[in-house]
Each structure stands twice: as C-alpha cells, then as structure tokens.
Amino acid sequence: MNLYVFKSHKLLLMVLVFLASIPARALACSCSGPFPLGFMSSNGEIPSNAKGLLWQGDLRKDQYNAENLPFQILNAQGNKEPITFEVFSREQNFKLFLVKPSRGFIPGEKYTFTSEVGHFEKLMGMAEWNNLKAQKVEISVNQMAFNNPKHPYILDVGTLSEKKVYVPAGGSCGWEVATSAIPIDMVIPVKYRHFKDQLHYETWIDGNIRWYPAETLCDQFIPGSSWLNKKGSDLIYTNCNRWSAEYGIQPGKHTVEMRAYLPGTDVEIKSQVKEIDLSCPQNVNDE
C-alpha cells in the first residue's frame with residue numbers, strides 16, 4: 001500500500017470513528033417547522049377574571065377576516081360566541097394573540113375553543129405526532145378570581161448537580177455536553193394551583209436576562225413555558241465544556257426569578273429573587 005492510499009484509509013477511519021462518536025440526535029440536521037401552536041392551554045379551569053386564551057399562529061389579512069378565522073369559541077350550548085382578539089404585547093415577535101369572547105366569560109359556564117391548527121399538545125409532549133387533527137380546548141370558568149399577590153411567591157431552588165444537556169451544533173443537531181444545573185419551581189398557592197397551566201411564565205437571570213436556552217438552532221420557542229416545555233418549572237445551567245461555553249449561564253453566582261402573568265389582565269406575579277451558585281467540577285471544566 002503506497003503512502004497516499006494509507007493516508008486515505010487512515011482519514012476514512014478517523015471520519016468513521018468521529019461519526020460513531022456523535023450522538024444519534026446530531027446526525028440528521030434538517031429543520032422542520034416552526035409549527036403553529038394554536039391555543040397554548042390545555043383542558044382545565046380558568047379564573048373568573050380571565051379574559052381569554054393565548055393562540056399562536058399566522059393571522060395574515062389576506063387569508064382571514066372577521067367572518068373567516070382559524071379559531072372559534074363555543075358556549076356550553078354549542079353556539080358560537082362572538083370573538084375579539086388582540087396581539088399579546090409581551091411576546092410580539094411570536095405572532096401570539098389573546099382570543100376572547102366579546103361578551104366576556106360567565107363564571108360557572110363552560111367553553112370550547114377550537115383551532116384549525118395547533119401543535120401545542122404535541123410539542124409539550126401531551127399528544128402523539130401522528131394523526132394530526134384540529135385542536136380543541138375545553139375550559140370551565142371558576143367563580144374565583146386570580147388576584148395580584150401582596151408578596152412574592154416562593155421560589156423553590158433545588159440542588160446543584162451534574163446534568164447532560166444538548167446545545168446547538170448547527171441546524172437541528174445538538175451536542176450533548178456536561179453541565180452543572182439547578183432546578184427551580186414557582187410555588188403557586190394551593191387555592192390557585194388549578195389555574196397554574198393557564199398562566200404565562202418567564203424566567204429571568206440577574207434581573208435582565210430572559211432564560212430560554214435551545215437544544216438546537218431549530219428548536220421552537222414556546223412562549224409561556226420553560227425550555228423543558230413545562231409551566232412554572234425550569235432548569236438553569238452553566239456549560240462545563242469550554243469549547244461550547246457560549247451556551248448556558250456563565251459559572252459563578254447569579255440571581256434567578258420567575259414571573260407569571262394572567263394574559264389580558266393586570267395580574268403580574270413575581271417569585272422571590274434567589275441567589276444561585278453555578279460552578280463546575282474541576283475535572284469537567286477542563287474538557
């Protein structure tokens with residue numbers, strides 16, 4: 001075997017070894033989506049002062065008008081309710097709208113929201129991807145209102161531990177890296193806990209950094225939930241691999257806070273501001 005052939009075979013072997021070392025998730029890198037989320041709520045109860053449900057999708061004027069909308073609201077008798085909708089100002093970049101009955105909700109009544117498009121349940125892991133159908137969300141209006149709290153809600157901060165997470169590696173690919181991570185949860189008072197999934201959540205680091213990491217460049221942002229696709233729960237991490245340290249919070253001490261909103265109202269909930277210390281084990285940090 002001449003030197004050129006030997007080097008070619010050696011290069012091929014190195015490539016094969018490299019590919020074998022890549023996690024399966026990183027081998028197919030084409031993006032699909034983004035998918036219209038539809039209504040961003042699941043079946044359940046809403047407080048009496050709720051104004052509507054959030055809907056994500058494209059409302060282009062050349063496709064829809066007041067008589068031809070991609071969603072509708074039915075009352076308990078199965079009759080269509082007149083609808084109004086408005087842009088949800090907290091997430092103007094994500095085509096997010098507050099859809100509400102023109103006459104408001106009646107406490108004690110039930111309503112069904114339907115959408116021609118909606119992948120919220122699937123992206124949140126609550127339904128299968130096959131056999132896609134129109135979305136239907138059934139809600140009942142509780143007699144209780146959700147009032148602005150007088151004090152911050154408890155923020156439950158877990159223990160620092162080593163976690164493996166994915167960070168972007170181009171397209172839909174993600175590299176698995178070692179991190180030091182801390183779970184957090186906003187503790188909703190028991191009397192309001194059945195409204196938990198109807199709130200819109202945000203996580204803030206150091207008071208001015210909105211925390212929402214991505215596992216790939218194709219990940220779809222789901223406003224109102226964490227990157228774990230959970231409401232009221234999150235995972236904060238620092239990346240312990242120096243070659244990809246730009247993904248994640250810098251090591252060291254930080255403050256963390258969660259905020260939640262009842263869309264369309266002045267209800268604004270803040271958690272306690274807690275200090276966390278994100279540090280990496282020495283043997284991991286040098287990888």
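Numbers here are sequence positions counted from 1.
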Student: Under 6.0 Å from the six-membered ring centre of Y201 and within 45° of its axis: does the NZ or CZ of R259 meet both?
Tutor: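 No, cation not above the ring by the 6.0 Å, 45° rule.
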Student: If you measure from the Lys or Arg side-chain nitrogens to the Asp or Glu carboxylate oxygens, is any gap between E81 and R103 under 4.0 Å?
Tutor: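 A salt bridge is present here (some side-chain N lies under 4.0 Å from a carboxylate O).
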Student: Start with the C-alpha gap between I184 and T203, add the side-chain angles, then the distance that decides, and say whether side chain to side chain contact (heavy atoms under 4.5 Å, CB included) holds.
Tutor: CA-CA 10 Å; I184 62 170; T203 300; 4.0 Å; yes
Student: Please report the closest heavy-atom contact between G252 and H254, naming both atoms and the distance.
Tutor: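 What the structure gives for the nearest pair is O-CD2, 3.3 Å.
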Student: Tell me the closest heavy-atom pair linking T84 and S102, and the distance in Å.
Tutor: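 The answer is CG2-OG, 3.2 Å.
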Student: Counting only heavy atoms not in I209 (residues, nucleotides, ligands), do more than 12 fall under 6.0 Å from its CD1?
Tutor: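 Above 12, so yes.
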Student: May I ask you to test the P152-S271 pair for a side-chain heavy-atom distance under 4.5 Å?
Tutor: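 Sidechains of S271 and P152: no contact.
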Student: F97, I83: one ILVMFWY side-chain cluster at the under-4.5 Å cut-off?
Tutor: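 Looking at the clustering, I83 is in the same group as F97.
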Student: Pick from W227, Y166, Y247: which one makes a ring pair (Phe, Tyr, Trp, His ring centres under 6.0 Å) with Y237?
Tutor: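 Testing Y237 for a ring pair (Phe, Tyr, Trp, His ring centres under 6.0 Å) against W227, Y166, Y247 leaves exactly one candidate, W227.
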Student: Quick check: are there more than 12 heavy atoms from other residues, nucleotides or ligands sitting under 6.0 Å from NZ of K274?
Tutor: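 Enclosed.
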Student: Measuring only between side-chain heavy atoms, which start at C-beta, is L235 closer than 4.5 Å to S226?
Tutor: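 No - every pair of side-chain heavy atoms lies 4.5 Å or more apart.
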Student: How far does CG of L98 sit from CG of L53, to the nearest 0.5 angstrom?
Tutor: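 Reported to 0.5 Å precision, the distance equals 8.0 Å.
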Student: Does R193 reach the side chain of V187, with side-chain heavy atoms less than 4.5 Å apart?
Tutor: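 Yes. Closest side-chain heavy atoms under 4.5 Å.
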Student: Have S41 and Q198 got a donor and an acceptor in their side chains that come within less than 3.5 Å?
Tutor: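 On atom types as modelled, these side chains qualify, holding a pair under 3.5 Å.
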Student: Could you pull out the closest heavy-atom pair between P223 and L37, with the gap in Å?
Tutor: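 Minimum heavy-atom contact is CD-CD1, 4.2 Å.
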Student: What's the separation between atom CD in E176 and atom CD in E215, rounded to the nearest 0.5 Å?
Tutor: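 Taking CD in E176 and CD in E215, the distance rounds to 10.0 Å.
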Student: Going through the distances and angles, do T238 and C280 end up as a side chain to side chain contact (heavy atoms under 4.5 Å, CB included)?
Tutor: CA-CA 8 Å; T238 187; C280 294; 3.7 Å; yes
Student: Does Y111 have its ring centroid less than 6.0 Å away from the ring centroid of F105?
Tutor: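 Yes; F105 has its ring centre under 6.0 Å from that of Y111.
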Student: Are Y261 and M258 connected into the same hydrophobic cluster when the rule is that any two of I, L, V, M, F, W, Y join if their side-chain heavy atoms are below 4.5 Å apart?
Tutor: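 As far as the 4.5 Å side-chain criterion goes, Y261 and M258 are not connected within one cluster.
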Student: Is there side-chain contact between M186 and I188, with at least one heavy-atom pair below 4.5 Å?
Tutor: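 Yes. Closest side-chain heavy atoms under 4.5 Å.
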Student: Is a side-chain donor or acceptor of D206 paired with a backbone partner of N208 at a separation under 3.5 angstrom?
Tutor: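 Flag not set: sc D206 to bb N208 has no pair under 3.5 Å.
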Student: Does any N or O in the side chain of K163 come within less than 3.5 Å of the main-chain N or O of A181, such that one atom is a donor and the other an acceptor?
Tutor: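 It does not hold such a pair.
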Student: Could you go through M40 and I222, starting from their C-alpha distance and side-chain angles, then the distance that decides it, and tell me whether this counts as side chain to side chain contact (heavy atoms under 4.5 Å, CB included)?
Tutor: CA-CA 9 Å; M40 301 180 62; I222 304 179; 3.9 Å; yes
Student: Do Y212 and I205 land in one hydrophobic cluster if side-chain heavy atoms of ILVMFWY residues count as linked below 4.5 Å?
Tutor: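 Yes, because Y212 and I205 connect within a single hydrophobic cluster, where side-chain heavy atoms sit under 4.5 Å apart.
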Student: So, do L228 and S233 sit near enough that their side-chain heavy atoms are less than 4.5 Å apart?
Tutor: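 No - every pair of side-chain heavy atoms lies 4.5 Å or more apart.
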Student: So, N239 versus T179: side-chain donor-acceptor pair below 3.5 Å or not?
Tutor: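 No, because no side-chain N or O of N239 sits under 3.5 Å from a partner of the opposite role on T179.
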Student: For the CD1 atom of I139 and the OG atom of S42, what is their distance to the nearest 0.5 Å?
Tutor: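 Rounded to the nearest 0.5 Å, the CD1-OG separation comes out at 11.0 Å.
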Student: For W175 and P168, work out which heavy atoms get closest and say how close.
Tutor: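 Heavy-atom minimum between the residues: CD1-O, 4.0 Å.
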Student: Count I, L, V, M, F, W, Y as connected when their side-chain heavy atoms are under 4.5 Å apart, and connections chain through other members. Are I154 and I236 then in the same cluster?
Tutor: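 No.
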Student: Are T265 and F146 side-chain neighbours, meaning at least one heavy-atom pair lies under 4.5 Å?
Tutor: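 Side chain of T265 against side chain of F146, heavy atoms only: no contact under 4.5 Å found.
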Student: Atom CZ of F71 and atom OG1 of T114: how far apart are they, to the nearest 0.5 Å?
Tutor: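 Output value for this atom pair is 10.0 Å.
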Student: Taking all non-hydrogen atoms of both residues into account, name the closest pair between V99 and W55 and its distance.
Tutor: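 That closest heavy-atom pairing would be CG2-CB, 3.8 Å.
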Student: Between the side chain of N148 and the main-chain N/O of D266, is any donor-acceptor distance below 3.5 Å?
Tutor: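 Yes, N148 side chain to D266 backbone: donor-acceptor pair under 3.5 Å.
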Student: Hey, is the main chain of F39 close enough, under 3.5 Å, to the side chain of Q135 for a donor-acceptor pair?
Tutor: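 Side chain of Q135 to backbone of F39, a donor-acceptor pair under 3.5 Å: yes, one is there.
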Student: Between V256 and L155, is the side chain to side chain contact (heavy atoms under 4.5 Å, CB included) condition met? List the steps.
Tutor: CA-CA 9 Å; V256 61; L155 184 67; 4.0 Å; yes
Student: Taking the side chain as everything from C-beta on, heavy atoms only, tell me whether L160 gets closer than 4.5 Å to L278.
Tutor: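 Contact flag for L160/L278 side chains = yes.
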Student: Would you mind reporting whether I46 and K51 have side-chain heavy atoms less than 4.5 Å apart?
Tutor: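 No, too far: nothing below the 4.5 Å cut-off.
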Student: For the atom pair NE2 (H151) and CD (Q272), what is the distance rounded to the nearest 0.5 Å?
Tutor: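 With rounding to 0.5 Å, NE2 (H151) is 11.5 Å from CD (Q272).
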Student: Using the rule that two of Ile, Leu, Val, Met, Phe, Trp, Tyr join whenever any of their side-chain heavy atoms come within less than 4.5 Å, decide whether F85 and V87 are in one cluster.
Tutor: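 Both belong to a single hydrophobic cluster.
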Student: Which heavy atom of P47 sits nearest a heavy atom of L262, and at what distance?
Tutor: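 Smallest heavy-atom distance, with atoms named: CG-CD2, 3.8 Å.
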Student: How many angstroms lie between CG in N79 and CD in Q72, if you round to the nearest 0.5 Å?
Tutor: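 Atom-to-atom, N79:CG and Q72:CD are 11.0 Å apart.
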Student: Starting from the C-alpha separation in whole Å, work towards a yes-or-no answer on side chain to side chain donor-acceptor pair (under 3.5 Å) for N43 and E138.
Tutor: CA-CA 5 Å; N43 298 339; E138 297 177 335; 4.6 Å; no
